[in-house]
Amino acid sequence: MKYFLFLFLMILLVFPGFSQKNVIDNEANVPNYVLPELLVFRNGKDVKTQKQWKKRRSEIVGLFERIEYGKIPGKIRLSKFEILEESDNAINNKAVRKQVLLTFKKDKKQLSVNLLIYLPKSVEKAPLFVGYNFSGNHTILSDSEIFLTEAWVANSPSLGIINHQVTEQSRGATNNRWPVEKIIDAGYGLATMYYGEVDPDMDDFTDGIHPLLYTEGQTKPADDEWGSIAAWAWGLSRAYDYFKKDKSIDDSRIIVMGHSRLGKTSLWAGAADTRFAMVISNNSGCGGAALSRRSFGETVEKINKSFPHWFCTNFKRFNNYENALPMDQHMLIALMAPRPVYIASAEDDKWADPYGEFLSAFYASPGYKLFDYKGMANKQLPEINKPIMNRIGYHIRSGKHDVTDFDWEQFIRFADLHLTKSQD
Ligand code: GTR
């Protein structure tokens, strides 16, 4: 018994975050901070016009690339796509289902990723939501035709994932997060991929997409090169490359969506690739929509320690030094301007700092004003379950860290409001 107590104390000493004791979960304990100015160049000059913003924008993209998500050290193009399966009687005969294998080759290395797509039959050229799933395409819906992934998946006996392999038992296991029929009925398509096929979610850079760009003998990216989030974001852009080739998809209305770590991913994808017409972050928290400087809930240090592979190595220099960052996450949100961006929080998801997510939307608003669009009018957190649908959208819903029907209903309404149909 004494031995266990000693061991426990040692663990607390070595991993102070383990106890969660030093987590800020109350507004009164948020440290004072000053955010870097969105509309001021690094050389101190003001940004007043859309033309100047274009330059400031690339300055900001460069900062996020070099010190947070990491830059991609080369180009890997979509080498080929194969429609492995297609059916026109999916989702109660309302949708077409396609399963497309995307293959990437570089020198002698290659990687393939399965893209699952549902398109409403009622629309000739469908706009669509694209977002990663956490445990395999077959988990989003009980559809016996969806291929099972062969990639490494985090174990979850309750989801039927054993020895890091999915089983039949996990079909539809996360369908509460993917109201596919509702999306189809609203006239949108849905495309998804399993994020682990692009890069398995572990601190190991010998697998997934990274090695395709290694020089000889290299085993991990350089300090300013892509971590896993940037790799996953890259994968979303390659899915876009496919959408562009598919005549039944409206590539001018592709909405990139993600939850939690995959919400951080959708934000970076939308920032790095302006072809995405709309961007949605659901409960993305630290390294996503939440302001790093608030240090509320999960902090830069905590996230870098728990998930050392998500960001580039340079980001670790800011553990406990958030104030030294030349940017903060409101600037990431502003990179979407003038495109519509929606940030969703959940009341009980304190770890993701709902108010910090809202404040990012507020402080990104001057970027939208340059384009005569409205963001958030003031710093007052809106009431629970009362969405704001300006060009920047936001809601805080009741409940926990999750994606719910309520969230999706708002995403669809926001898309209906802000995405205008192309003229062709
Ligand atoms: C948590 C992590 C969060 C969030 C979440 C998720 O453990 O601390 O940043 O990304 O995982 O992705 O589910």
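- Residues H395 and K386 form no side-chain contact, since every pair of their non-hydrogen atoms from C-beta on lies 4.5 Å or further apart.
- Side chains of D204 and T206: a donor on one and an acceptor on the other come within 3.5 Å.
- At least one side-chain heavy atom of M389 sits under 4.5 Å from a side-chain heavy atom of Y342.
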task = Evaluate side-chain hydrogen bond (donor to acceptor under 3.5 Å, both in side chains) for H401 paired with S260, printing each intermediate quantity in order.
result = CA-CA 8 Å; H401 186 74; S260 206; 2.7 Å; yes

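- Under the 3.5 Å distance criterion, with hydrogens and angles disregarded, no donor-acceptor pair is assigned to the side chains of Y195 and D199.
- Rounding to the nearest 0.5 angstrom, the gap separating the OG1 atom in T313 from the CD1 atom in I67 is 13.0 Å.
- The OG1 atom of T167 sits 8.0 Å away from the CG atom of L148 when rounded to the nearest 0.5 Å.
- A donor atom on one side chain and an acceptor atom on the other are not found under 3.5 Å apart for S79 and T103.
- K121 and N93 form a side-chain donor-acceptor contact under 3.5 Å, judged by distance and modelled atom types alone.
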* To do: Step by step, work out the side-chain hydrogen bond (donor to acceptor under 3.5 Å, both in side chains) result for N319 and N304.
  => CA-CA 8 Å; N319 289 353; N304 279 330; 2.9 Å; yes

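- Inspection of the Y363 and K379 side chains reveals an N or O donor paired with an N or O acceptor under 3.5 Å.
- Between F129 and W408, the ring centre distance stays below 6.0 Å.
- A 4.5 Å side-chain heavy-atom check between L111 and V113 finds at least one atom pair inside the cut-off.
- Distance CD/E65 to CG/N314: 12.5 Å, rounded to 0.5 Å.
- Side chain to side chain, T149 and E197 meet the donor-acceptor criterion of an N or O pair below 3.5 Å.
- Expressed to the nearest 0.5 Å, how far CG of L419 lies from CD1 of I254 amounts to 10.0 Å.
- Of the N and O atoms on the side chains of N114 and Q99, not one donor lies less than 3.5 Å from an acceptor on the other residue.
- Residues H210 and Y214 place their aromatic rings such that the two centres sit no closer than 6.0 Å.
- Under the 6.0 Å distance and 45° angle rule, R293 does not count as a cation-pi partner of Y33.
- Note on ring orientation: taking the six-membered ring where Trp is involved, the planes of F64 and W268 are tilted (angle from 30° to 60°).
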Does W234 form a ring pair (Phe, Tyr, Trp, His ring centres under 6.0 Å) with F104? I'd like the steps, not just the answer. CA-CA 12 Å; W234 169 89; F104 310 98; 4.8 Å; yes

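- At a cut-off of 3.5 Å, with distance as the only test, a side-chain donor of Y394 or S345 sits close to an acceptor on the other residue.
- Tested against L101, the residues L115, I83, L84 include a single side-chain contact (heavy atoms from CB on, under 4.5 Å) partner, L84.
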